[in-house]
Structure formats: C-alpha cells, structure tokens
Amino acid sequence: MRLILLGPPGAGKGTQAKRLMDRYGIAQISTGDMLRAEAAAGSEVGREAKAVMEAGKLVSDDILIRMLGGRIGQADCAKGFILDGFPRTEAQAVALDGMLEQKAIKLDAVVELRVNNSALVDRIAGRYTCAACGVGYHDAFQKPKRAGVCDACGGETFTRRADDNRETVAARLVVYHDQTAPLLPYYQAQGLLGGVNGMAEIDGVTVELFALLDKVA
Ligand code: AP5
Ligand code: MG
C-alpha cells in the first residue's frame, strides 16, 4: 500500500504513520525526520535546511524531490510506504506523480487528518521525543507510563525540536494553508482523497484510519 498523510503541523502525521507502518508492514517516509538527520550530520543539505526549518519555511523543492526520489527506491519501500510530510507543494506533487509513473506504481490513497488550527499550537508545544529510540510523547496527551522514562526503551533523555516554539508554529501553519492545502483538491480530482477526524483522541484517530485503509489494503 502506498499512501500520503496530509495535514498541518501537529495534525498527528508522525504519530499515526508509526501505527500504520506496524499494521501494514510498510515504510514511514518522514521528510522532516530525513532533513533533521541531515542537519544533525552537518551535511551540505542539512546546513542549508536547518535555518529554513527553524524559520518555519519550506526547504527547496529541488532538495526534497531529489531526497524523496532516492528514498522510495530503497528495499524497505518494496511493500509500500507512507509519505509523512511530502508532497508539500504542487511542484512536489507533480514530481511525485512522475516518479511513480516511471516505476509503474500508483498511490492507493491520500488521507487528510482534519484538525482545527486552534489545537495545533498546544500539541506541538507539548511534544517531545526519546533521544535514544525516537518514540514521541506529549506533556499532556501522551505521557510515558513512568514520568521521565521512555516506555519503549527505558531511556531517560528526551529532546524537543528547534522549530517547536509558538512563533515558528504560527509560521508553519501559514505555509501549510498557502502551499500545501491546495494539494487537497489536486488529489480529490485524482479520486484518491479520503479524510479522518484528527481531533479525536490518538487511539480514536487510529481506529478510523484502520477502518478506511483496511478497505484499500
Ligand atoms: P515535519 O517534520 O514534517 O513537520 P510538520 O509537518 O510541521 O509536522 P509535525 O511533525 O510538526 O506534526 P505531525 O503531524 O507529525 O504531528 P505529531 O504526530 O508529531 O517538517 C518540519 C520542517 O521540515 C518543515 O517545516 C519544513 O521546513 C521541512 N520540510 C519537511 N518536509 C518538507 C517538504 N516536503 N518540503 C519542504 N520542506 C519540508 O503530533 C504532534 C503532537 O501532538 C505529539 O506530541 C502527539 O503526541 C500529539 N498528538 C498527535 N495526535 C493527537 C491527537 N489526536 N490528540 C492529542 N494529541 C495528539
Ligand atoms: Mg511529524
């Protein structure tokens, strides 16, 4: 199964992608995670991307299209993938269509996580991640069972993203509505668009997603 999760910052793309990955045995491709890894490694792309990400703007289409093109050809994508954070512009969507056509493969679904803007700042401002294994938590909505200890690996060090402050989130939301939301009618016209209520609790969103995607799988 090949799908795209569309939704603004904090909609729950990363949270739900992990669960879809486990259920359908497909790869999660988070372009945000890939760019953060490049930035941490100090590569040329990473150095260029870091400042742009911290300003809440979009990294150039050229970089992203090249990055994604390499990633979907990797072995773990053979059974399918979940695109989390790509495409974000019409140019990226058109390039993706071209890449898939070249490989003679098709998207099965594009799912919008429908959320209210007002909830997103609180979700993002409360988010943190285990530094050792990358599992995500939230100060209020997704706490580890024992405070300060990762459920998955027992790690006790956590990190917060540099772009997760209130000012940058506001900029990221503007960018989403200007540049990424126009992809909804783009995929609607291709007959691929579905949606779930992203305002439900995390487990409730997962149930709705599985119900939608089990029909596709
Ligand atoms: P990226 O990493 O993709 O960030 P984003 O799109 O802004 O989305 P987030 O990761 O912030 O949110 P999410 O939807 O994954 O939410 P999550 O599940 O974590 O991109 C970062 C930057 O990289 C961009 O700004 C850009 O600069 C660059 N970039 C990346 N891709 C690019 C591209 N294609 N082109 C150009 N530039 C690109 O959930 C958030 C929090 O809420 C968590 O703490 C979670 O526990 C909680 N939560 C989740 N669901 C719920 C729920 N239902 N109820 C309550 N809490 C919930
Ligand atoms: Mg994410």
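Nothing fancy with the numbering, it's 1 onward along the sequence. Numbering of ligands and ligand atoms starts at 1, following listing order.
- A 4.5 Å side-chain heavy-atom check between L213 and Y24 finds at least one atom pair inside the cut-off.
- Taking D163 as the reference, R161, T168, R172 meet the side-chain contact (heavy atoms from CB on, under 4.5 Å) condition, with sequence neighbours excluded.
- Geometrically, R127 does not engage Y137 in a cation-pi contact, judged by NZ or CZ lying under 6.0 Å from the ring centre and within 45° of the ring axis.
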Could you go through ligand 1 and list every pair where one of its N or O atoms sits under 3.5 Å from a protein N or O, giving the atom names and the distance to one decimal?
| from | atom 1 | to | atom 2 | distance (Å) |
| --- | --- | --- | --- | --- |
| ligand 1 | 2 (O) | R36 | NH1 | 3.0 |
| ligand 1 | 2 (O) | R36 | NH2 | 2.9 |
| ligand 1 | 2 (O) | R161 | NH1 | 3.4 |
| ligand 1 | 2 (O) | R161 | NH2 | 3.4 |
| ligand 1 | 3 (O) | R88 | NH1 | 3.2 |
| ligand 1 | 3 (O) | R88 | NH2 | 3.4 |
| ligand 1 | 4 (O) | R161 | NH2 | 3.2 |
| ligand 1 | 6 (O) | K13 | NZ | 3.0 |
| ligand 1 | 6 (O) | R88 | NH2 | 2.5 |
| ligand 1 | 7 (O) | R172 | NE | 3.4 |
| ligand 1 | 7 (O) | R172 | NH2 | 2.8 |
| ligand 1 | 8 (O) | K13 | NZ | 3.1 |
| ligand 1 | 10 (O) | R127 | NH1 | 3.2 |
| ligand 1 | 10 (O) | R161 | NH1 | 2.9 |
| ligand 1 | 11 (O) | R127 | NH1 | 3.1 |
| ligand 1 | 11 (O) | R127 | NH2 | 2.8 |
| ligand 1 | 11 (O) | R172 | NH2 | 2.7 |
| ligand 1 | 12 (O) | G10 | N | 2.8 |
| ligand 1 | 12 (O) | R127 | NH1 | 3.3 |
| ligand 1 | 14 (O) | A11 | N | 3.3 |
| ligand 1 | 14 (O) | G12 | N | 3.0 |
| ligand 1 | 14 (O) | K13 | N | 2.9 |
| ligand 1 | 14 (O) | K13 | NZ | 2.9 |
| ligand 1 | 15 (O) | G14 | N | 2.9 |
| ligand 1 | 16 (O) | G12 | N | 3.3 |
| ligand 1 | 18 (O) | G14 | N | 3.4 |
| ligand 1 | 18 (O) | T15 | N | 2.8 |
| ligand 1 | 18 (O) | T15 | OG1 | 2.5 |
| ligand 1 | 19 (O) | R127 | NH1 | 2.6 |
| ligand 1 | 20 (O) | R88 | NH2 | 3.4 |
| ligand 1 | 27 (O) | K57 | O | 2.6 |
| ligand 1 | 31 (N) | T31 | OG1 | 2.8 |
| ligand 1 | 31 (N) | G85 | O | 3.3 |
| ligand 1 | 31 (N) | R88 | NH1 | 3.0 |
| ligand 1 | 34 (N) | G85 | O | 2.8 |
| ligand 1 | 34 (N) | Q92 | OE1 | 3.0 |
| ligand 1 | 35 (N) | Q92 | NE2 | 2.9 |
| ligand 1 | 37 (N) | V59 | N | 3.1 |
| ligand 1 | 44 (O) | Y137 | O | 3.2 |
| ligand 1 | 46 (O) | Q142 | OE1 | 2.7 |
| ligand 1 | 53 (N) | A200 | O | 2.8 |

Show which side-chain atoms of residues 65-74 pair as donor or acceptor with protein atoms under 3.5 Å away, not counting sequence neighbours.
| from | atom 1 | to | atom 2 | distance (Å) |
| --- | --- | --- | --- | --- |
| R71 | NH1 | Q74 | OE1 | 3.0 |
| R71 | NH1 | D76 | OD1 | 2.9 |
| R71 | NH2 | D76 | OD2 | 2.7 |

For residues 190-202, which side-chain N or O atoms pair as donor and acceptor with protein atoms under 3.5 Å away, sequence neighbours left out?
| from | atom 1 | to | atom 2 | distance (Å) |
| --- | --- | --- | --- | --- |
| Q190 | NE2 | D97 | OD2 | 3.3 |
| N197 | OD1 | M199 | N | 2.9 |

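- Residue M34 comes nearest to I29 through the heavy atom pair SD-CG2, 3.9 Å, listed as atom of the first residue, atom of the second, then distance.
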